[in-house]
Number of protein chains: 2
Amino acid sequence: MPTKTVMDIGKSAKILKVLGDKTRLTMLKLIEEQTCCVCEFVEIFQMSQPSISQHLRKLRDADLINEERKGQWVFYSLNQDSEWYPFILPIIDQLPNQQEKLIELEKNGTRITCC
Amino acid sequence: MPTKTVMDIGKSAKILKVLGDKTRLTMLKLIEEQTCCVCEFVEIFQMSQPSISQHLRKLRDADLINEERKGQWVFYSLNQDSEWYPFILPIIDQLPNQQEKLIELEKNGTRITCC
DNA sequence: TAACTATATAACTATTTACTTATATATGCA
DNA sequence: TGCATATATAAGTAAATAGTTATATAGTTA
């Protein structure tokens, strides 16, 4: 863990821009507690798979999330080792819980199919 | 001061989108401690006056800043009564201080001309 | 190996964004 | 009143964004 470094305000703005999208912000809140795979996001957001992948890429390019392949699935989780984790944590913490979206999936049985 | 209300994640994303711009984010950090007028922002950011006004409008539309006319000048300050103030405060607090930009103005004498 | 599932990427398009220039509005002062 | 200064708004434009469809890549299984 590095000591507190000086943050560049331009880079901070770029991070906030990545967070400034409802889909990506909800993704981050969802994976705050547990990992999710791409197909779950597709179900939750009712969006096309490429669109979901592109959002995840922006989050990954910003180093905000971790990607881990397990067999044919790729799971995403919050990158707690990110230089930006302390910056975004108070934001994510203040967001309303989104777990009901996952519970919804379990009701549908959609969560089981891929995880 | 209202009791903690449930925040909508979509509205939160919109607020973050407003913050997700270097100019606007720096503006917020600058007025965290003291008010600034439009002509100061024009000097600081070396941007056209309409461009500055348009950024300020976005911040005002999001209810993040207060506007107060004093004679021919309009001064802007952080809106501490905003519903979103508790949300953005931890963000702004983490940003590097920008006061050197105002000190720069004072050196130029540009700060005196309008304030 | 071939067929299937999950995910990523490429190319394209419609919308949004941040700026520009031109103009309108508001205030101060001679 | 008329002119100057400060700010806001309108209209136009280039670039960025979020989605689309089509295709590529990677792993799984028969």
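Sequence lines set the chain letters: A, B, ... in the order given, protein chains first and strands last, and positions in each chain run from 1.
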Minimum-distance nucleotide (side-chain atoms of [X] versus [options]):
| X | options | result |
| --- | --- | --- |
| B:Ser48 | C:dT20, C:dC19, C:dA8 | C:dT20 |
| B:Pro50 | D:dA8, C:dA18, D:dT7 | D:dA8 |
| B:Val38 | C:dA18, C:dA8, D:dT7 | D:dT7 |
| B:Glu67 | D:dA18, D:dA8, C:dT9 | D:dA8 |

**Asked** Distance check: side-chain N/O of B:Ser51 vs OP1/OP2 of C:dA18, anything under 4.0 Å?
**Response**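 For B:Ser51, the contact criterion (side-chain N or O under 4.0 Å from OP1 or OP2 of C:dA18) is not met.
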**Item:** A:Ser53 vs C:dT7: side-chain N/O to OP1/OP2 distance below 4.0 Å
**Value:**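 For C:dT7, OP1/OP2 do not have a side-chain N/O of A:Ser53 under 4.0 Å.
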Please report, rounded to the nearest Å, how far the [atom2] atom of [N] is from the [atom1] atom of [X].
| X | N | atom1 | atom2 | answer |
| --- | --- | --- | --- | --- |
| A:Leu56 | C:dT7 | CG | C1' | 10 Å |
| A:Gln49 | C:dA8 | CD | P | 7 Å |
| B:Leu59 | C:dA18 | CG | P | 11 Å |
| A:Lys70 | D:dT28 | NZ | C1' | 17 Å |
| B:Lys58 | D:dT7 | NZ | P | 20 Å |
| B:Arg69 | C:dG28 | CZ | C1' | 11 Å |
| B:Trp73 | D:dA8 | CH2 | C1' | 17 Å |
| A:Lys22 | D:dG19 | NZ | C1' | 16 Å |

**Item:** Sugar-phosphate only, base, or nothing, as touched by B:Phe41 at under 4.0 Å among non-hydrogen atoms
**Value:** nothing
**Message:** Within the 4.0 Å heavy-atom criterion, would you say A:Tyr76 contacts the bases, only the backbone, or no part of the nucleic acid?
**Reply:** sugar-phosphate
**Prompt:** Any donor-acceptor pair under 3.5 Å joining the side chain of B:Gln54 to the base of D:dA8?
**Reply:**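 Counting by modelled atom types and ignoring angles, no donor-acceptor contact under 3.5 Å is found here.
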**Request:** Run the salt-bridge test on B:Glu104 and B:Lys101 with the 4.0 Å N-O cut-off and return the result as yes or no.
**Result:** no
**Prompt:** Between B:Lys58 and B:Val18, what is the shortest heavy-atom contact and its length?
**Reply:**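 Answer, listing the atom of B:Lys58 first, then B:Val18: O-CG1, 4.1 Å.
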**Message:** Looking at every non-hydrogen atom in both residues, tell me the closest pair between B:Val42 and B:Met47 and how far apart they are.
**Reply:** CG1-O, 3.3 Å
**Request:** Return the 5'-most residue of the pair A:Arg24, A:Gln72 with respect to DNA chain D, ranking by each residue's nearest nucleotide.
**Result:**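 Final value for this comparison: A:Arg24.
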**Prompt:** How many angstroms lie between atom CD of A:Gln46 and atom CD1 of A:Ile52, to the nearest 0.5 angstrom?
**Reply:** 10.0 Å
**Item:** D:dA30 pairs with, by Watson-Crick or G-U criteria that keep both distances under 3.5 Å
**Value:** C:dT1
**Prompt:** If you find the nucleotide of DNA chain C closest to A:Lys17 and the one closest to A:Arg57, which residue's nucleotide is nearer the 5' end?
**Reply:**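 Taking each residue's closest nucleotide, the earlier one in sequence belongs to A:Arg57.
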**Message:** Here's a test for you: under side chain to side chain contact (heavy atoms under 4.5 Å, CB included), which of B:Ile91, B:Thr23, B:Leu59 qualifies with B:Leu28?
**Reply:** B:Leu59
